[in-house]
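For the single chain, residues carry numbers from 1 onward in sequence order.
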Amino acid sequence: MVNKPRADAAPPAASGGALGRKGTVASAPDPTRSVLLHSKSHPRMLKSNATSHVWPLGALAELLDNSQDLECGAERVDVDAYEVSPGTMALTVQDDGFGMHRGQLQNMLSSGFSNKEHVVGNVGRFGVGFKSGSMRLANDALILTRQEGTVSVALLSTTFLDAIGADDILIPMLTWKVEPGSLAGKHTYVALTPSNTAEWKENMGLLEEYTCFKSEQAMLAELDKIDTVTGTRVVLFNLKNPPEFDFEFDLADIRMMRSLGDDDDDDDGEPRTSSKPRQSGRRPIFQQQRPGQNMTLDVPEDYSLRSYMEVLYLRPTVAFTLRGKDIVPRCPIARLRRGFSSAANAYHRLDPYTPRGIPEARASSVHVHCGYMENNTRHCGFHIYNKNRLIQMYQRFGAQLQANHMMKDMLGVVEADCLEPTHNKQAFNTTDITYAKCKKHIEKSMGDYYFNVQKYKLSGFYKQGKRAVRGKRKGRDIDSDSDSINEETDPVDEDVGGNDGGGKKKSKPSAAAQRPKVSPFSRSPQVSPFSRILAKLMTHPRSSAFIEPVDAEFCGALDYYEVIKTPMDLGTIVTQLDAGAYRSENSGHGPLRFVTDVRQVFHNAWTYNEPGHQVYDSAQEVGRVFETELRKSFGDLDPWGVLAGTIIAKCGAGPLKSDTGDGDGNDGNGNSDGNEDEDG
């Protein structure tokens with residue numbers, strides 16, 4: 001606070017006083033205090049402290065965090081923007097909490113006066129969030145607060161401090177007493193503190209000079225906007241240049257400024273609205289950089305304050321409005337897809353995990369929620385919350401960071417109160433051993449969830465428990481029942497010994513040891529070995545990387561189609577199979593093409609990825625299944641020579657289970673002569 005000395009005060013100090021070089025207002029040592037020196041905070045500290053916030057919306061969230069704390073007692077928080085002078089916008093954050101008396105207001109504007117960290121449920125920790133957040137967004141912040149009987153106004157202003165050349169942080173502050181007025185619902189304000197008239201005028205003069213309210217009446221009119229018995233209103237003005245916010249594009253939102261080259265209109269010439277999706281080929285308005293995330297991915301939470309506020313708190317304790325419209329929370333747990341079919345529940349909350357060796361003050365369990373989005377989006381990763389507050393969005397782990405399709409549609413939520421956030425609440429202390437333990441637990445949970453739910457997902461080949469592709473080929477129906485991987489019996493073509501002589505078809509057990517070795521290329525409608533093999537491959541827990549064509553841009557493998565000249569995937573093979581591309585027609589061209597296409601899928605994975613990569617290992621495991629199923633279907637009958645060129649050698653030394661009952665120690669493909677040609 002700027003104080004002008006009273007008449008009986010000690011003479012001004014020769015050094016120029018608290019205001020530094022200019023010394024327009026002097027101060028003298030207090031003889032009643034200790035002779036120890038006072039550690040001052042230079043105004044540059046406000047600017048340097050604000051640099052902890054790179055992202056403007058994260059800085060604004062610091063002001064919202066105070067409303068969530070128990071000390072505030074708020075039930076409603078209003079965020080708004082209005083024009084304080086022609087062409088000049090200001091941001092406001094107002095709550096209906098308990099308000100502050102003069103001493104509390106001074107502590108809030110000081111550094112480190114906080115015990116929030118030790119209060120259960122509080123988001124704040126260090127007592128610097130308001131200063132760092134407000135000074136990141138604006139040069140000046142006016143705080144107006146109301147308690148029963150009193151109102152106070154204070155100014156935290158780098159504009160003022162720079163103008164007077166201050167070497168300490170000085171706060172102009174005034175307090176009025178509120179008295180009932182003569183009219184119902186009206187009240188009057190009586191100057192209370194400072195009680196010295198000269199000091200009052202000096203503080204008021206500074207407020208009038210360095211704020212947009214040029215009189216005491218204008219200041220009191222702004223106080224009257226706190227229309228509740230108690231509450232606090234923060235006005236951020238002189239916003240940073242160049243401008244960072246767009247207040248006009250959506251009058252119900254506050255958005256980040258558009259990136260260079262981003263047009264106001266879409267390709268159809270109509271203005272883009274918040275409900276109109278952006279074209280995927282364009283860069284987003286603004287995007288935070290996240291490991292594994294494509295630069296063209298549109299994340300509204302990165303540039304829209306409304307979208308960000310909807311997920312900022314996992315379980316909000318107050319109601320928020322933005323520019324007069326309610327914020328409808330989007331709980332990231334509730335929006336996870338509830339199931340792929342009636343037989344499976346895709347959302348799952350894994351067992352709590354409590355890291356060992358963490359400080360008792362932070363001892364709590366980690367809760368991991370996994371699932372999939374209802375809509376087909378390209379977002380993946382985890383929202384990580386600490387004490388109900390969102391710290392990281394769409395954070396990717398494990399396979400999500402690799403150039404493949406595995407887990408790229410998986411979303412999750414982590415509640416990790418045991419972790420230590422950084423000061424800006426946008427990241428965690430990654431040097432803490434607790435973070436390493438939690439990261440390992442999240443990756444393990446992802447694997448457990450993914451491989452357990454994969455059998456229900458049945459990507460591409462099965463949907464809702466049925467074949468996704470149904471149709472007719474050459475006058476016969478494709479029936480999912482005949483190709484079911486759970487069939488108990490396997491009908492045998494009557495042309496190859498399945499007729500008992502009485503015109504009745506016999507069924508034999510499906511045990512592979514007793515299955516007749518028939519030509520897979522028989523034209524009988526009952527025999528569909530390729531469909532059976534594909535069903536086996538596509539429902540394998542590790543086949544997701546091979547289900548559909550590689551989206552090089554989405555996976556971050558921009559050079560994929562430069563390296564891979566013959567792309568192939570199992571979904572494409574299914575389409576070609578149902579189109580009749582692999583029929584024999586008295587020739588081995590179709591069957592050989594089928595086997596070559598399937599092997600090409602695995603060759604591509606081995607060509608692009610290094611040994612030890614998750615996709616490389618998955619190709620080995622699924623490739624072993626393919627070669628095993630292929631030999632089961634052919635047995636000793638191989639008229640077209642499709643068993644030649646097996647990729648079994650490339651599939652590693654994994655055990656190759658065989659139901660043929662050979663027991664002769666061969667390599668599982670009927671060849672003991674080391675035929676391991678990898679060309680396919």
Minimum heavy-atom distance [X]-[Y], with the two atoms named:
{"X": "F382", "Y": "V413", "value": "CD2-N, 3.7 Å"}
{"X": "D409", "Y": "Y372", "value": "O-CD2, 3.0 Å"}
{"X": "Q426", "Y": "G58", "value": "NE2-CA, 3.6 Å"}
{"X": "P56", "Y": "L137", "value": "O-CD2, 3.5 Å"}
{"X": "N203", "Y": "P172", "value": "OD1-CA, 3.4 Å"}
{"X": "H53", "Y": "S132", "value": "NE2-OG, 3.2 Å"}

Donor-acceptor contact present, side-chain [X] to main-chain [Y], <3.5 Å:
{"X": "R233", "Y": "R146", "value": "no"}
{"X": "T230", "Y": "G99", "value": "no"}
{"X": "S445", "Y": "V368", "value": "no"}
{"X": "N429", "Y": "E420", "value": "no"}
{"X": "S307", "Y": "S304", "value": "no"}
{"X": "Q400", "Y": "L411", "value": "no"}
{"X": "N388", "Y": "R315", "value": "yes"}
{"X": "E199", "Y": "P194", "value": "no"}
{"X": "E208", "Y": "G205", "value": "no"}
{"X": "R306", "Y": "L322", "value": "yes"}

Note to self: Check this for me: does any side-chain nitrogen of one of R389 and D65 sit under 4.0 Å from a carboxylate oxygen of the other?
What the structure shows: yes
Check: Do the charged groups of E301 and R330 touch, with an N to O distance under 4.0 Å?
Finding: yes
For [X], I'd like to know if atom [atom1] has over 12 heavy atoms of other residues, nucleotides or ligands within 6.0 Å.
{"X": "K440", "atom1": "NZ", "answer": "no"}
{"X": "K444", "atom1": "NZ", "answer": "no"}
{"X": "K225", "atom1": "NZ", "answer": "yes"}

Atom pair [atom1]/[atom2] of [X] and [Y] - distance to nearest 0.5 Å:
{"X": "L390", "Y": "N386", "atom1": "CG", "atom2": "CG", "value": "10.5 Å"}
{"X": "I171", "Y": "S157", "atom1": "CD1", "atom2": "OG", "value": "9.0 Å"}
{"X": "C438", "Y": "L419", "atom1": "SG", "atom2": "CG", "value": "4.0 Å"}
{"X": "Q293", "Y": "C380", "atom1": "CD", "atom2": "SG", "value": "8.0 Å"}
{"X": "L155", "Y": "L161", "atom1": "CG", "atom2": "CG", "value": "8.5 Å"}
{"X": "S134", "Y": "L46", "atom1": "OG", "atom2": "CG", "value": "8.0 Å"}

Item checked: Aromatic plane relationship, H379 with Y394 - under 30° parallel, 30 to 60° tilted, over 60° perpendicular -> tilted
Note to self: Below 30° counts as parallel, above 60° as perpendicular, anything between as tilted: where do the rings of W200 and W176 land?
What the structure shows: perpendicular
Note to self: Pair T145, T232 - check side-chain hydrogen bond (donor to acceptor under 3.5 Å, both in side chains), show working.
What the structure shows: CA-CA 4 Å; T145 183; T232 300; 3.1 Å; yes
Next item on the list: Just do the salt bridge (charged side-chain N to carboxylate O under 4.0 Å, His left out) check on D253 and R323 with the steps written out, would you?
Entry: CA-CA 7 Å; D253 196 4; R323 304 191 78 173; over 6 Å; no
Notebook entry, point to check: Got a sec, which residues hit side chain to side chain contact (heavy atoms under 4.5 Å, CB included) with D227, two or more places apart in sequence or on another chain?
Noted result: Q94
Check: Would R136 and E244 count as a salt bridge (charged side-chain N to carboxylate O under 4.0 Å, His left out) if you check the C-alpha gap in whole Å, the side-chain angles of each, and the deciding distance to 0.1 Å?
Finding: CA-CA 11 Å; R136 167 62 181 84; E244 297 177 299; 2.8 Å; yes
Item checked: salt bridge (charged side-chain N to carboxylate O under 4.0 Å, His left out) evaluation trace for D417 with R362 -> CA-CA 7 Å; D417 292 354; R362 291 194 283 124; over 6 Å; no
Checklist line | Criterion side-chain contact (heavy atoms from CB on, under 4.5 Å) against P355, the qualifying member of D432, I433, V366 | finding: V366
Checklist line | side-chain hydrogen bond (donor to acceptor under 3.5 Å, both in side chains) assessment of D246 paired with Y303 | finding: CA-CA 10 Å; D246 183 349; Y303 59 81; over 6 Å; no
Pair [X], [Y]: side-chain N/O donor-acceptor within cut-off below 3.5 Å:
{"X": "N238", "Y": "D140", "answer": "yes"}
{"X": "S152", "Y": "H101", "answer": "no"}
{"X": "N49", "Y": "K131", "answer": "no"}

Note to self: For L91 and V235: C-alpha separation, side-chain torsions, deciding distance, then whether side-chain contact (heavy atoms from CB on, under 4.5 Å) applies.
What the structure shows: CA-CA 6 Å; L91 286 170; V235 182; over 6 Å; no
Item checked: side-chain hydrogen bond (donor to acceptor under 3.5 Å, both in side chains) contacts touching residues 78-93 (sequence neighbours left out) -> R76-D78, D78-T321, Y82-E222, S85-T88
Margin query: Quick one, L305 with L60, criterion side-chain contact (heavy atoms from CB on, under 4.5 Å). Give me CA distance, side-chain angles, the key distance, then yes/no.
Written below: CA-CA 9 Å; L305 180 59; L60 186 54; 3.4 Å; yes
Margin query: Determine whether R255 and D302 satisfy the following criterion, salt bridge (charged side-chain N to carboxylate O under 4.0 Å, His left out), listing intermediate values before the conclusion.
Written below: CA-CA 9 Å; R255 296 158 62 100; D302 281 346; over 6 Å; no
Next item on the list: Mind running side-chain hydrogen bond (donor to acceptor under 3.5 Å, both in side chains) on E415 and H369 for me, showing each step along the way?
Entry: CA-CA 9 Å; E415 300 177 69; H369 309 259; 2.9 Å; yes
Notebook entry, point to check: Taking only residues two or more places apart in sequence, or in another chain, which ones meet F213 in a ring-ring contact (aromatic ring centres under 6.0 Å, His included)?
Noted result: none
Note to self: Taking the ring of Y308 and the ring of W55, is the distance between their centroids below 6.0 Å?
What the structure shows: yes
Next item on the list: List the steps and the verdict of side-chain contact (heavy atoms from CB on, under 4.5 Å) for Q106 and M100.
Entry: CA-CA 9 Å; Q106 183 177 2; M100 293 176 283; over 6 Å; no
